[in-house]
Amino acid sequence: MGRRGIRIEKVVPASIASELGIEAGDKLLAVNRRPVKDILEYQYYTSEEVVVLDIEKADGEVWSIEIEKEYDEDLGLVFSGAVFDRLRTCRNRCLFCFMDQLPSGVRKSLRTKDDDYRLSFLYGNFITLTNLDREDWEAIAALRLSPLYVSVHATDSRVRAFMLGNEKGGQIISDLNRLRDLGLQVHTQVVLCPGINDGEVLAETVSTLASFWPTVLSIGIVPVGLTRYREGLYPLQAVDKVKAQDVITRGQAWQRQFRAELGLGLVYLADEFFIKAEQDFPPNEYYDGYPQIENGIGMAREFLDRLTELDNDLPRELPERTRLTLVCGHGARLVLERAARRLNRIKGLEVAVMPVSNRFFGEEVTVTGLLTGQDIERALADSSDERGIILIPDVVLREDHDYFLDDMTVGELMERSGKAIDVVEATADGLVNYVRRMACEGGGVQWPGR
C-alpha cells in the first residue's frame, strides 16, 4: 500500500462505512494501525468486533475511526482490485508459456505473467511457488490460505527446474512438505509436454503427488497449448491422437487405483484429451465434484448433464420461426452439436453450430475462449448461408468488457459482418435461458421467405 493508501472505489449504500461518512475517492491508510497489502489482509483485520480505520479524505484530512460491530460484519468498502501492493509476477521462463507465444501488438495486459499466491486463493490462478519469500510464506500461514492452486508439471526436481527455466523449480517437494506441515491444501496441475514430462516422468509425478493426499486434493492434467508464434522458442510437440489415447488409458488406471485406495479418482484429465482421442467424455462420477472445472476439466460433461437437467424448461415451440448460429472453437464443436440436436426439436427453431478456426493464434488452438473478432468475422464472411442470429459465447470477451482479444468490439463485428449478434453466457443455463426468453418475448430473426 505504501504511504499513499488504497483508493476506495465504492461505498455500499446504508453500510457502516456509508453511515460514518466515508466516500468513494477516500483512501484507506490503515486497519488497526496496520497498512494492508491486499483484500485478504483487509478482510482478516476487519473481521473483529472492534476495528480502527485510518481514512484520508479527499481534502487531505485524516480521520481515525473506531468501529464496534458484529463479528465478520462487512464495513461496505469496495476496492478496484484484490492486490493493493505490487502484483507477484512470474520469475520463470517456462518452455510452454502461452504468454511467450502471443503475436506482437497485443495489449500489454495480456502479457502480464502473474504468479501471485493471493490470486491463486481468491480466483484459482495456478502458481509455481518459486517466487515466494519469507514474508509471503508467513502471510499464507497466518491467513490460512487454502486451498491454493499449484502448477507442478513434474515432481522430478531436474525436469521441473528445466521446464520452468528456474532452479527454484526443483524445490517442489520441500514446498509441498511445507504446505502439509502448515495444514494447508492444494489443487495441482500438470501441463503435459510430450517427450519431456510424459511417460515414466508423469507416472512418478502422479505417484508422488498422490502420496501427499489429502494435502494434494486433485491432480489435473492438461495438454500443452501451442500457437503459431514459437519462433526462437523450445521445440515442443503437440499432444496428438495417439498420445491422448495413451494418457487416457493411464488416467483410467490411476483412477481405478486411487478410488480403491482413497475413495476418489484424484487424477482428472482435461476435456481436450478426449476430443483429440475422439472418445466420449467420462460420466459425471469421474470428476468428483469438478474440482478443476475452470481448468477445462469436466466442462463438457457438466454442460451436457446440465442441459439434460434443464430439458423440461425448454419451450415446445417459438412464436416466430427463428434461426440461431452457435459460434465456438473446434474443441467445443461436438458438445454444441449435441445441444443443437436437442434445440432443433423445438418447433419453429433451427440451430446450427459454426466452429471457427483460430488463425490469429494458429489452428492448433481450438479452445473457444481464445477466438478473436477477426477470426469470427472471417468465418461469417466465408459462409454464404443465412445464419440468423449469431450467438457469441461470453468467454471470448474480456471480463466486464465487450471486446475480443484482438480489441475488436462486438459492435464493430456486427457492423463489419452485417449480422445480428447476441452475446450469451457460455453455459447450459445461459443457452436455455436465451431460448426461453425468445419464447416469452416472441422475438427472433425470421427465415427467408416467411
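The figures here come from the full heavy-atom set of this structure, side chains too, leaving out hydrogens, waters and symmetry mates.
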Asker: Grab the two heavy atoms, one from L380 and one from S417, that are nearest each other, plus how far apart they are.
Answerer: CD1-CB, 3.9 Å

Asker: Backbone N or O of Y234 within a donor-acceptor pair of the R230 side chain at under 3.5 Å?
Answerer: yes

Asker: For N125 and Y149, which I'm curious about, is there any donor-acceptor pair between the side chains at under 3.5 Å?
Answerer: no

Asker: Got a donor-acceptor contact below 3.5 angstrom from the K69 side chain to the E48 backbone?
Answerer: yes

Asker: Closer than 3.5 angstrom, by distance alone: can the side chain of E377 be matched with the main-chain N or O of G373 as a donor-acceptor pair?
Answerer: no

Asker: List the steps, then state whether salt bridge (charged side-chain N to carboxylate O under 4.0 Å, His left out) holds for K10 with D26.
Answerer: CA-CA 9 Å; K10 178 183 176 183; D26 293 347; over 6 Å; no

Asker: If I compare all heavy atoms of A82 with all of L119, which pair ends up nearest, and what's the gap?
Answerer: CB-CD2, 4.5 Å

Asker: Could you tell me which non-hydrogen atom of P147 sits nearest to which non-hydrogen atom of F121, and how far apart they are?
Answerer: O-CD1, 3.8 Å

Asker: Report yes if the side chains of I275 and F281 come closer than 4.5 Å at any heavy-atom pair, otherwise no.
Answerer: yes

Asker: Any chance you could lay out the side chain to side chain contact (heavy atoms under 4.5 Å, CB included) test for R378 and R359, step after step, and finish with the verdict?
Answerer: CA-CA 10 Å; R378 184 181 298 110; R359 299 187 190 177; 2.9 Å; yes

Asker: Shortest non-hydrogen contact from V356 to H330?
Answerer: O-CD2, 3.6 Å

Asker: Might you confirm whether atom CD of Q374 has over 12 heavy atoms from other residues, nucleotides or ligands at distances under 6.0 Å?
Answerer: yes

Asker: Rounded to the nearest 0.5 Å, what separation is found between the CG atom of L326 and the CG atom of L343?
Answerer: 7.0 Å

Asker: Working note: N284 + Y290, criterion side-chain hydrogen bond (donor to acceptor under 3.5 Å, both in side chains); need CA distance, chi angles, decisive distance, verdict.
Answerer: CA-CA 9 Å; N284 171 71; Y290 302 94; 3.0 Å; yes

Asker: Rounded at 0.5 Å granularity, tell me how far CD in E41 sits from OG1 in T46.
Answerer: 11.0 Å

Asker: Suppose we call two aromatic rings close when their centres sit under 6.0 Å apart. Are F79 and F84 close by that rule?
Answerer: yes

Asker: Charged N to carboxylate O under 4.0 angstrom, D116 versus K113?
Answerer: no

Asker: Can you tell me how far the CG atom of L182 sits from the CD1 atom of I140, to the nearest 0.5 Å?
Answerer: 8.5 Å

Asker: Please report the closest heavy-atom contact between M299 and I293, naming both atoms and the distance.
Answerer: CE-O, 3.2 Å

Asker: Do D288 and Y268 meet the criterion of a side-chain donor-acceptor pair at a distance under 3.5 Å?
Answerer: yes

Asker: Does D271 use its side chain to pair, donor to acceptor, with the backbone of I297 at less than 3.5 Å?
Answerer: no

Asker: Do Q101 side-chain atoms and G225 backbone N/O form a donor-acceptor pair below 3.5 Å?
Answerer: yes

Asker: So do D394 and V424 actually touch side chain to side chain, heavy atoms under 4.5 Å?
Answerer: no

Asker: Who are the side chain to side chain contact (heavy atoms under 4.5 Å, CB included) partners of R306, not counting sequence neighbours?
Answerer: E302, E309, L310, A428, D429

Asker: Does a side-chain heavy-atom distance below 4.5 Å link T409 with L413?
Answerer: no

Asker: Side chain to side chain contact (heavy atoms under 4.5 Å, CB included) between T366 and N358: does it pass, once the steps are laid out?
Answerer: CA-CA 7 Å; T366 62; N358 197 322; over 6 Å; no

Asker: Could you tell me whether a side-chain N or O of D382 sits under 3.5 Å from a main-chain N or O of A379, the two making a donor and an acceptor?
Answerer: no

Asker: Between D115 and T128, is any side-chain donor less than 3.5 angstrom from a side-chain acceptor?
Answerer: yes

Asker: Counting heavy atoms not belonging to Q279, are there more than 12 under 6.0 Å from its CD?
Answerer: yes

Asker: Tell me whether R301 contacts the main-chain N or O of P282 through its side chain, where contact means a donor paired with an acceptor under 3.5 Å.
Answerer: yes

Asker: Is Y117 close to N131 at the side-chain level, that is, under 4.5 Å between some pair of heavy atoms?
Answerer: no

Asker: Under 4.5 Å between any side-chain heavy atoms of P214 and Q185, yes or no?
Answerer: yes

Asker: Any side-chain heavy atom of K241 sitting closer than 4.5 Å to one from K276?
Answerer: no

Asker: I would like to know whether L102 and Y229 meet side chain to side chain contact (heavy atoms under 4.5 Å, CB included); could you show each step before the answer?
Answerer: CA-CA 6 Å; L102 295 176; Y229 301 97; over 6 Å; no

Asker: If you compare all heavy atoms of T208 against all heavy atoms of F212, which two are closest, and at what distance to 0.1 Å?
Answerer: O-CD1, 3.3 Å

Asker: With respect to S120, which candidate in D114, L148, V150, L145 satisfies the side-chain contact (heavy atoms from CB on, under 4.5 Å) definition?
Answerer: L148

Asker: Keeping D100 on the side-chain end and C97 on the backbone end, is there a donor-acceptor pair under 3.5 Å?
Answerer: no

Asker: Check the pair D240, K243 against salt bridge (charged side-chain N to carboxylate O under 4.0 Å, His left out), reporting the backbone distance first and the verdict last.
Answerer: CA-CA 5 Å; D240 59 15; K243 174 57 67 176; over 6 Å; no

Asker: Does atom CZ of R144 have more than 12 heavy-atom neighbours from other groups under 6.0 Å away?
Answerer: yes

Asker: If you round to the nearest 0.5 Å, how far is CG of L266 from CG of L217?
Answerer: 8.5 Å

Asker: Is there a donor-acceptor pair closer than 3.5 Å between any side-chain N or O of D406 and the backbone N or O of T372?
Answerer: no

Asker: Side-chain contact, heavy-atom cut-off 4.5 Å: W254 with I221?
Answerer: yes

Asker: Is the shortest heavy-atom distance from the side chain of V353 to the side chain of C328 under 4.5 Å?
Answerer: yes

Asker: Hey, could you give me the SG/CG distance between C193 and L226, rounded to the nearest 0.5 Å?
Answerer: 7.5 Å

Asker: Between T427 and E425, is any side-chain donor less than 3.5 angstrom from a side-chain acceptor?
Answerer: yes

Asker: Quick check against the 3.5 Å criterion: does S15 have a side-chain atom that pairs as donor or acceptor with the backbone of V12?
Answerer: yes

Asker: Taking the ring of F126 and the ring of H187, is the distance between their centroids below 6.0 Å?
Answerer: no

Asker: Quick one about N295 and Q189 (side-chain donor to acceptor, distance below 3.5 Å, no hydrogens or angles considered), yes or no?
Answerer: yes

Asker: Between D422 and K419, is a salt bridge (charged side-chain N to carboxylate O under 4.0 Å, His left out) present by the stated rule, with each step listed?
Answerer: CA-CA 10 Å; D422 266 347; K419 305 291 186 182; over 6 Å; no

Asker: Could you verify whether a donor N or O on one side chain and an acceptor N or O on the other, from S218 and Q292, lie under 3.5 Å apart?
Answerer: yes

Asker: Do T130 and N92 meet the criterion of a side-chain donor-acceptor pair at a distance under 3.5 Å?
Answerer: yes

Asker: So, T249 and D246: side-chain donor and acceptor under 3.5 Å apart, yes or no?
Answerer: no

Asker: Kindly compute the distance separating CD1 (I376) from CE (M408), expressed to the nearest 0.5 Å.
Answerer: 8.5 Å

Asker: State whether the number of non-hydrogen atoms from other residues, nucleotides or ligands found under 6.0 Å of Y286 atom OH is greater than 12.
Answerer: yes

Asker: Would R118 and D38 satisfy salt bridge (charged side-chain N to carboxylate O under 4.0 Å, His left out), going step by step from the backbone distance to the final call?
Answerer: CA-CA 8 Å; R118 296 162 295 186; D38 50 60; 3.1 Å; yes

